[in-house]
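Structure record follows, encoded as structure tokens.
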Amino acid sequence: MVRKASPGDRVNEPLIAAVKQMLRAGDIAKAWSALQDLSDDDSGAAELWYLRSLASQQQGNLSDAQHSIATAMRLVDGEPAYFRLQAARVAAQQESHHEAISWFRAALEKDATLGLAWAGLGSSLLAAGRTDAALDALERAVSLGAASAGVLYDIARVMLASGRLEEAEACAKEALGTPGGAADALLLLGDIYKRQGEPIKALQAYQRAQEAAPDNAQSGIAAATLLWERGRWDDARGAYVDLAMRNPSSLRAAFGAALTLPHVYGSQAHLDESRETYAKALATLAQLPVRRFAKPPRDILQDLRWCNFLLAYQGKNDVLLQSVFGDFVQAVLRGSAPEWLELPVRPRSSRSRIRVGFASHFFYDCTVGRYFSPWILGLDPAAFEVYVYYSNTHVTPNTHELRARASVFRHHGGLPIQTVAQRIRNDELDVLIYPELGMHPDTFALAHLRLAPVQCAAWGHPTTTGLTAIDAFISCASMEPEDARAHYREQLFLLPGLGTRYAHPGTPASVSRTELGLPDGRTLYLVPQSLFKIHPDNDELIADVLAADPNGLAVLFASESRVIVDALVRRLKPVFHRRGLSTQKYLHFLPALTHEAYLAVNRQCDVMLDTVHWSGGNTALDALSVGLPIVTLAGPLMRGRQSSAMLRLMGLGSLIASDRDHYVKIAVQLGTDRARRMDCQRDLISAHSMLFDDAGPLAALSNAIIGLAQGVATSHHDLGGA
């Protein structure tokens, strides 16, 4: 039997002193060499095994670091606090966060004054998504004099995630003044300024972060992304191109350089040219050797944070382009992280209920939340265990309701993609559903991976993902054209009605036009879509309606970026000019409003002009809820047919135009004939029961999930389709 040493034993003192000196001098290789011939049954070697763990950790050999500290603790009685602290640090570096938390706490049981242990505990708790406990531990570290750049940075991250922006800014600035904290602190300051609505200060912070750490692409990506979000498309693409040249292994920079698209096109010709450029750049990207982007799994999964969001607004069938993108990413993953392409083999858990997960960045009071929260709330808890994965720090009452009703609610805003992916895998789901793939890069990165036996997308972003890891696409039978299957790489499942139990949003308070910033005495034609959804094919329609009704006014909503608003107005000017119209006189932009105020605007308008290629979804439902007539023209793809499907469900197909001239005719007749418009409003309101609070789609969804989980689901209209 090996005799364990006591912590106070002093053996091999000359070697211990020599190795410590080597480590202090940074001569790690020499220290490692001196520790090669240790015996794992010598009770006097515990301190040397501890030092070997330090040397191995600094060399990046974490498996040996873990083995060495475990051996050290086996050879000594009582496991001194600093041994436990080293075990915790190694576990944290291996991203074994729960093990690290356990070891940090064990170290603090020995010595509660260890500021470094409190700092490490806070960091690991934060990585595990336990922000409240993390903040307590980090603040204890500061009180004990361990206010390193990393600790202050982590505190600032927690403050930012909880919306405490002023405190976050103060902590980030304090981290900026500590050794080694400049680049991370500046990057975080940029994020804070961005949340505070100060894009210029945010961009300056990102650029300073680039200067502080030129080899780190993260700050450059943040700067380029901000430029793109502000509508500075040429600057954003140029920044990505420069970043990709300086960081050729950055997949995220390569995506930006090749695939960045403008929010608003200058013309149809500009759109066509942009699509052609995109397709060629994607083809070139797909031919690059994947070894160029080789990285450890954690890093490559972070690099996947990209989605081709604006491609869908070009009004074309994107299945080929999306599939090329998806196949390229799969090839990259096969080279760097093949373990994420197939589920690990393990015994299937025996349980009576189907375990279904929903992963989203938008489970709050917004379009996605209103559409898909009823899916989660409507599943029978006797038949389903519902797991919810939420990646946004923004929380509303809608979020709290989902947290209360779900079997398990995992909130992981800001966590690395690999950490989130492992969480989902560990939950051993039967079916995983992404309601809006393509709207946020975090969820799209996860969707490349195999995290559940069956993985589905839904029409929160109504276009194919093009990803081989997504098995099914859940859509609405009433909204899809006859050739819908040709538009999806995934197997298509169709639900009846709206595909969800959409609650009536309620009747808004009566607010005057003047209070809402709208002019009296004009016919108000509401065009409520985000400006990037207004395809050039809409320009002539809007102008023709206003030319036929000189008293008309198009009411739109301004983007946060004036650049994007100006781009749309610049495109519309020649179209209006040819009809003798002034954009200044016939266009009226409102700022972003609360949902209640937005509904009041709908109530004060006369007609909603639906946009072709991307019709109203939530905007159409809001309009119909207050009786605002919608004029629409059904397109060839699902995303241009949502409003027409709603009107058919309500028995009001007369508002669906047969062609562009008919569209203008219907709109102007409703706008200029008050009696006709009031009749239409009454018909809409009386038909609400045919559209809102329909439970039928949820029953069909339950059947679809059961079939998918059991491998017997079919993908045709017998799921309850129209």
Side-chain angles (χ1 to χ4, degrees), residues 119 122-123 125-143 147-178 181-210 212-213 218-231 305 361-366 369 390-400 403 411-416 440-442 558-562 591-595 597:
S123 179
L125 286 166
L126 185 57
R130 298 165 61 181
T131 53
D132 290 341
L135 184 58
D136 289 341
L138 293 166
E139 289 178 336
R140 285 287 294 272
V142 172
S143 71
S148 66
V151 168
L152 294 168
Y153 173 79
D154 283 341
I155 292 174
R157 285 175 59 203
V158 175
M159 299 297 186
L160 175 60
S162 58
R164 296 158 63 179
L165 301 184
E166 290 184 3
E167 293 169 273
E169 182 181 354
C171 281
K173 285 180 176 177
E174 190 175 351
L176 186 60
T178 58
D184 287 341
L186 285 165
L187 181 60
L188 188 61
L189 274 172
D191 293 342
I192 294 165
Y193 293 142
K194 186 174 171 181
R195 280 277 295 275
Q196 289 174 330
E198 298 188 71
I200 295 175
K201 290 177 69 174
L203 185 60
Q204 290 171 343
Y206 292 146
Q207 290 169 340
R208 288 176 62 199
Q210 278 184 280
Q218 191 176 0
S219 52
I221 289 168
T225 301
L226 178 60
L227 289 169
W228 173 77
E229 290 172 348
R230 304 303 297 177
R305 297 182 64 257
H361 190 76
F362 297 95
F363 282 145
Y364 60 91
D365 187 20
C366 65
Y390 184 48
S391 64
N392 199 328
T393 57
H394 185 54
V395 172
T396 66
N398 176 284
T399 317
H400 291 304
R403 183 190 291 274
H411 197 172
H412 50 253
L415 293 185
H440 196 274
D442 286 3
S559 166
E560 288 184 4
S561 170
R562 187 68 211 181
L593 301 172
T594 64
H595 190 223

Notebook entry, point to check: Would Arg230 and Leu226 count as a side-chain contact (heavy atoms from CB on, under 4.5 Å) if you check the C-alpha gap in whole Å, the side-chain angles of each, and the deciding distance to 0.1 Å?
Noted result: CA-CA 6 Å; Arg230 304 303 297 177; Leu226 178 60; 4.1 Å; yes

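- In terms of heavy-atom proximity, Ile192 sits nearest to Leu165 at CG2-O, 3.9 Å.
- Here the shortest heavy-atom pairing between Ala137 and Leu125 reads CB-CD1, 4.4 Å.
- Heavy atoms of other residues, nucleotides or ligands lying less than 6.0 angstrom from CZ of Arg195 number more than 12.
- Not one N or O on the side chain of Ser219 forms a donor-acceptor pair closer than 3.5 Å with the backbone of Leu187.
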With a 3.5 Å cut-off and sequence neighbours excluded, list the donor-acceptor pairs that the side chains of residues 148-161 form with protein atoms.
unit_1 : atom_1 : unit_2 : atom_2 : d
Ser148 : OG     : Gly150 : N      : 3.4
Ser148 : OG     : Val151 : N      : 3.2
Asp154 : OD1    : Arg157 : NH1    : 3.3

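- Rounding to the nearest 0.5 angstrom, the gap separating the CG atom in Leu126 from the CG atom in Leu415 is 7.0 Å.
- One distance of note links OH of Tyr193 with CD of Glu198; it measures 7.5 Å at 0.5 Å rounding.
- The line from CG of Asp184 to CG of Leu176 is 11.0 Å long, rounded to the nearest 0.5 Å.
- For the residue pair Phe363 and Tyr390, the shortest heavy atom distance occurs at N-CE1, 3.2 Å.
- In plain terms, the two heavy atoms of Ala209 and Ala183 that are nearest each other are CB-O, 3.7 Å.
- We find that Glu169 and Lys173 are joined by a salt bridge, their nearest charged nitrogen and carboxylate oxygen being less than 4.0 Å apart.
- Other residues, nucleotides and ligands contribute only 12 or fewer heavy atoms inside 6.0 Å of the CD atom of Glu560.
- Formation of a donor-acceptor pair under 3.5 Å by the His411 side chain with backbone atoms of Asn392 is found in this model.
- Side-chain contact, His361 with Asp442: no donor N or O sits under 3.5 Å from an acceptor N or O.
- Among residues two or more places apart in sequence or in another chain, the ring pair (Phe, Tyr, Trp, His ring centres under 6.0 Å) test is passed with His412 by none.
- A distance of 8.0 Å separates CG of Asp365 from NE2 of His394, quoted to the nearest 0.5 Å.
- Under the 4.5 Å side-chain criterion, counting only non-hydrogen atoms from C-beta, Tyr206 is in contact with Lys194.
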Check: For Glu139 and Leu135, what are the C-alpha separation, side-chain angles and deciding distance, and is it a side-chain contact (heavy atoms from CB on, under 4.5 Å)?
Finding: CA-CA 6 Å; Glu139 289 178 336; Leu135 184 58; 3.7 Å; yes

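- Side-chain N or O atoms of Ser123 include none that pairs as donor or acceptor with a backbone N or O of Ala119 at under 3.5 Å.
- For the pair Arg305 and Pro441, the tightest heavy-atom approach, listed with the atom from each and the gap, is C-CB, 3.3 Å.
- No more than 12 heavy-atom neighbours from other residues, nucleotides or ligands sit within 6.0 angstrom of CD on Gln218.
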